[in-house]
Amino acid sequence: MKPIIFSLHLNPLFEKMIKGLPGYERGKLETRLFPDDETYLRIYSDLKQRKVILIDSLDRPNTKTLPLLFFAKAARASGAESVGLIAPYLAYMRQDIEFNKGEVVTSRYFAEILSHSFDWLITIDPHLHRYKSLDEIYSIPTTVLHACNEVANWIKHNVSDPIIIGPDRESEQWVADIASRAQVPYLILEKNRKGDAEVEISLPRLDKYKTCTPIIVDDIISTAKTTIETVKHLQDLKMKPAICIGIHAVFAGDSYQELSSYNVKKIITCNTIEHSSNGIDISHLLINSLGSM
Ligand code: R5P
């Protein structure tokens, strides 16, 4: 029997995956909100002894997670052989330590909750900072895919004479990899986060890159403050307008509009989260990963 694949939030990435996975059946379900915001979920496909796969990005996780857990429970109750989750963006990775006494390390609890409901997880560039691997918090098999090659290819084909800028030490893992694949120079700045939406970025020494096109690369753009502060510094240094690349287009509130209001050349993201800035396709990473399971 073919494995069966679902999404609770249909989007272009899911459609691409369905097209790229002819050996998989598209599952049929219906979901909506009741007037009081509770979830209605109905699964039409027969899941008995089937390998079931759910694809859903976990941005806005508080709203999305409960329906996901209902789905997993229902799939098991219907006799599914296994229930796997593909979360192109994996949420709750940034609170990975108790910075201040009493803070809840939500990354650990979120991982426990998902590990309890799913048999395996595939994701793209999770925010691994103090955790070196998802295995430190997830008790199910996990596969981590990387979009660095796709970002590097985009840079190679679209920007001449670039310098890649990483706004903080955490970004170095992505920036160094992308720069080496694209064979271009990079610099890492120092960031001091003063609050959820307040960051300070150190002044870089960019004299010898004055003629280059700066490309700011970060894994997540959320409030966009990190990117905006970096853009402002580059402007102060009279650099050319920056290209801003994010792997995950979280864009909280009106942060996309705010970032766009600065003199940036382009804002471009991978399609791990559906957003108008999506311009780097990562669907084949997921398709290949499923194809090799
Ligand atoms: C955190 O260290 C991440 O790598 C990003 O720099 C961060 O998530 C960006 O957040 P924001 O867009 O809210 O500044």
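All figures in this text were calculated on a predicted structure; none of them were measured in a lab.
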Legend entry - Spacing of OG belonging to Ser57 relative to CG belonging to Leu8, to within rounding of 0.5 Å: 12.5 Å
Legend entry - Backbone of Thr123 reached by a side-chain donor or acceptor of Thr143 within 3.5 Å: no
Inset, instruction - Check for a donor-acceptor pair, side chain of Asp125 on one end and backbone N or O of His146 on the other, with a separation under 3.5 Å. - result: no
Legend entry - Flag if over 12 foreign heavy atoms under 6.0 Å of NZ, Lys266: no
Inset, instruction - Establish, yes or no, whether the cationic atom of Arg42 lies under 6.0 Å from the six-membered ring centre of Tyr40 and within 45° of the ring axis. - result: no
Inset, instruction - Could you tell me whether His284 atom NE2 has more than 12 heavy atoms of other residues or ligands within 6.0 Å of it? - result: yes
Inset, instruction - Apply side chain to side chain donor-acceptor pair (under 3.5 Å) to the pair Asn153 and Glu150, showing each step before the final yes or no. - result: CA-CA 5 Å; Asn153 278 338; Glu150 286 57 35; 5.7 Å; no
Legend entry - Check: Ser107 side chain, Gln95 main-chain N or O, donor-acceptor pair, under 3.5 Å: yes
Inset, instruction - Determine whether more than 12 heavy atoms belonging to other residues, nucleotides or ligands lie under 6.0 Å from atom NZ of Lys240. - result: yes
Legend entry - Inter-residue atom distance Asp119.CG - Ile140.CD1, 0.5 Å rounding: 7.5 Å
Inset, instruction - Report the distance from atom CG of Leu128 to atom CG of Leu90, rounding to the nearest 0.5 Å. - result: 8.5 Å
Inset, instruction - Could you tell me whether Asp59 and Lys64 have a side-chain N and a carboxylate O separated by less than 4.0 Å? - result: yes
Legend entry - Polar side-chain atom of Glu258 near backbone of Asp254 as donor-acceptor pair, under 3.5 Å: no
Legend entry - Gln235 side chain to Met239 backbone, donor-acceptor under 3.5 Å: no
Legend entry - Parallel, tilted or perpendicular: ring planes of His127 versus Trp174, cut at 30 and 60 degrees: parallel
Legend entry - Asn271 side chain to Glu274 backbone, donor-acceptor under 3.5 Å: no
Legend entry - Side chains of Ser277 and Thr269, donor plus acceptor under 3.5 Å: yes
Inset, instruction - Ignoring hydrogens and angles, tell me if any N or O in the side chain of Asn278 forms a donor-acceptor pair with the backbone of Ile273 under 3.5 Å. - result: yes
